[in-house]
There are 2 protein chains.
Amino acid sequence: MTRPVRLLLADDHPVVRAGLRAVLETEPDLEVVAEAATAEQAVALAAELDVDVVLMDLRFGAGMNGAQATAAITARPDAPRVLVVTTYDTDADTLPAIEAGATGYLLKDAPPEELAAAVRTAAAGRTTLAPTVADRLVNRLRTPGTALTRRETEVLVLVAEGLSNQRIGERLHLTLATVKSHLVHIYAKLGVDSRTAAVAAAVELGIIRRQ
Amino acid sequence: MTRPVRLLLADDHPVVRAGLRAVLETEPDLEVVAEAATAEQAVALAAELDVDVVLMDLRFGAGMNGAQATAAITARPDAPRVLVVTTYDTDADTLPAIEAGATGYLLKDAPPEELAAAVRTAAAGRTTLAPTVADRLVNRLRTPGTALTRRETEVLVLVAEGLSNQRIGERLHLTLATVKSHLVHIYAKLGVDSRTAAVAAAVELGIIRRQ
DNA sequence: CCCGGCATCAATCGAAAGGTGGAGACGTCG
DNA sequence: CGACGTCTCCACCTTTCGATTGATGCCGGG
């Protein structure tokens, strides 16, 4: 018999850690070797212990977030795989996590069998994505025109802060006409027709960060 | 020895249900008698089974939300207590849940002992609030002018979706004049002077939920 | 019972924002 | 080189917003 897959659970909710542990320890080939309540702790434990897969939440109460921790973990040589298990499936969450090197991305509403299967897949170095996340990635590749330019993003951020076009122009050293021109392009790319709708879309797409 | 406290777990995440079960069943005086994966199911089971406390999540993937389910459960005679256990601690979540009749409000990052203690407190009909929720309620009482009314919140949500005042009026069966009137009050309460700034402020205050 | 808060509606007016259709300058890349 | 995308700017016109002022009906607490 081969060695069991050694797991590290990283989540700031004790209840979720207990749930993951309960679900995964019913599988004889999986073994939970440690738990981390913060992202920093997860990075430290991943470096220190011999684990195969880290189950990583994305949001922690304070400090480093899950994507940053994922990047820190996967940057080391001989790093364990990171399987993101979270409640959030927006662009703002998924894309940075995958860019940071996550081997898989599951939502917490996944049934236990799927979770165990994803852990084994991750241990083997292959990717499991939740269907909604997979859809998102495919769409991202299919519609490259969606990306905003640097300048457009700058304008959109200021729009989201509630500034008028005039003020935005002053802030970026542009004329009112230029700001409007950028906005027209932004609306077209985001498929909206007003500044408030653009802000809503931007928040949804993770272009704008907050909280 | 008295009868154990009989519990119903309502959460759409299997992992969270497993975690709550694992944490609570280590307590000899607590007994999990059923689990519900949807709010509707929770209402049905609460009516049908003899349970003392329902542990209720607030957000379910589709259909009824936790606050609505809480209202439905507590509306019946001889209803069990409802203890809300969730990840979200914004005004938009806590206030409706408490209004709906929740006996307590805990966050999922609560340590297991605190969770068990809150369940016993709820079974006895007394209230346990997470510190952040308690703070919020106190602040709410101290600064009543800041709170948006129900109608104002409805308008603001539609503003955040990018609708024009005209469209908002159609959606809520109001005239344009009424919508504008609500907006004036919203701006005054939030200390802003444009719809986009209002959306930004609302996002920051947690009045508006994205995704 | 009266006051205040809430929700509803109205008219007006100036200031923004949005739609359309341009144009020039610059850098990249095949 | 020429095509393309980006960033910058302009004019004209329509629509929408926001500010102001004022009014009505309803309800609940002091």
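Numbers restart at 1 for each chain; the letters A, B, ... are given by sequence-line order, proteins then strands. These figures come from a predicted structure and were not determined experimentally.
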Protein-nucleotides 25-30 of chain D N/O pairs closer than 3.5 Å?
none

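Distance CG (A/Leu183) to C1' (C/dA16): 12 Å, rounded to an integer number of Å. Distance, A/Glu152 CD to D/dC7 C1': 9 Å, rounded to whole Å. Whole-Å rounding puts the A/His185 NE2 to D/dT8 C1' distance at 11 Å. D/dG18 atom P lies 13 Å from atom CG of B/Leu190, rounded to whole Å. At whole-Å resolution of the value, NE2 in A/His182 and P in D/dC7 are 6 Å apart. Rounded to an integer number of Å, the gap from CD1 of B/Ile186 to C1' of D/dC17 is 14 Å. In this structure, CG of A/Leu156 is placed 17 Å from C1' of D/dC7, rounded to the nearest angstrom.
Not one side-chain nitrogen or oxygen of B/Arg150 sits closer than 4.0 Å to the OP1 or OP2 atom of C/dC6. Between B/Arg151 and C/dT8, a side-chain N or O to OP1/OP2 separation shorter than 4.0 Å is present.
For A/Arg151, the salt bridge (charged side-chain N to carboxylate O under 4.0 Å, His left out) partners at least two apart in sequence or on another chain are A/Glu154.
Ranking D/dT20, C/dT20, D/dG18 by closeness to the A/Val184 side chain, first place goes to C/dT20. Nearest to the side-chain atoms of A/Arg195 among the listed nucleotides D/dA19, D/dT6, C/dA17 stands C/dA17.
Note that the CG atom of A/Leu7 and the CG atom of A/Leu9 stand 6.5 Å from one another [nearest 0.5 Å].
Counting heavy atoms from C-beta outward, B/Val85 and B/Asp57 have side chains that stay 4.5 Å or more apart.
The closest donor-acceptor contact from the side chain of B/Thr86 to the backbone of B/Leu107 lies at 3.5 Å or more, if one exists at all.
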May I have the list of side-chain donor-acceptor pairs in residues 113-120 of chain A shorter than 3.5 Å, sequence neighbours left out?
from: A/Arg120; atom 1: NE; to: A/Asp29; atom 2: OD2; distance (Å): 2.6
from: A/Arg120; atom 1: NH2; to: A/Glu27; atom 2: OE1; distance (Å): 2.6
from: A/Arg120; atom 1: NH2; to: A/Asp29; atom 2: OD1; distance (Å): 3.1

Just distance, no hydrogens or angles: give the donor-acceptor pairs under 3.5 Å from side chains in residues 33-51 of chain B, sequence neighbours left out.
from: B/Glu35; atom 1: OE1; to: B/Arg17; atom 2: NE; distance (Å): 2.8
from: B/Glu35; atom 1: OE2; to: B/Arg21; atom 2: NE; distance (Å): 2.7
from: B/Glu35; atom 1: OE2; to: B/Arg21; atom 2: NH2; distance (Å): 3.3
from: B/Thr38; atom 1: OG1; to: B/Gln41; atom 2: N; distance (Å): 3.0
from: B/Glu40; atom 1: OE2; to: B/Met64; atom 2: N; distance (Å): 2.9
from: B/Gln41; atom 1: OE1; to: B/Ala37; atom 2: N; distance (Å): 3.1
from: B/Asp50; atom 1: OD2; to: B/Arg3; atom 2: NH1; distance (Å): 2.8

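Considering all non-hydrogen atoms of both residues, B/Pro112 and B/Val23 come closest at CB-CG1, 3.6 Å. Of all heavy-atom pairs spanning B/Leu83 and B/Tyr105, the tightest one is CD1-N, 4.0 Å.
Electrostatic pairing of B/Asp12 and B/Arg59 does not count as a salt bridge here, judged by no charged N lying under 4.0 Å from a carboxylate O.
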Chi angles and distances behind the side-chain contact (heavy atoms from CB on, under 4.5 Å) call for B/Leu55, B/Leu20: CA-CA 9 Å; B/Leu55 277 81; B/Leu20 289 172; 4.3 Å; yes
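Over its full length, the helix from C/dC1-D/dG30 to C/dG30-D/dC1 turns its helical axis through 40°, comparing axes from the five pairs at each end and rounding to 10°.
Side-chain contact of B/Ser181 with B/Thr178: a donor-acceptor pair under 3.5 Å is absent, judged by distance alone.
Taking a 4.0 Å limit (strictly below) on heavy-atom distances, residues 165-181 of chain B reaches DNA chain C at B/Leu174, B/Thr175, B/Ala177, B/Thr178, B/Ser181.
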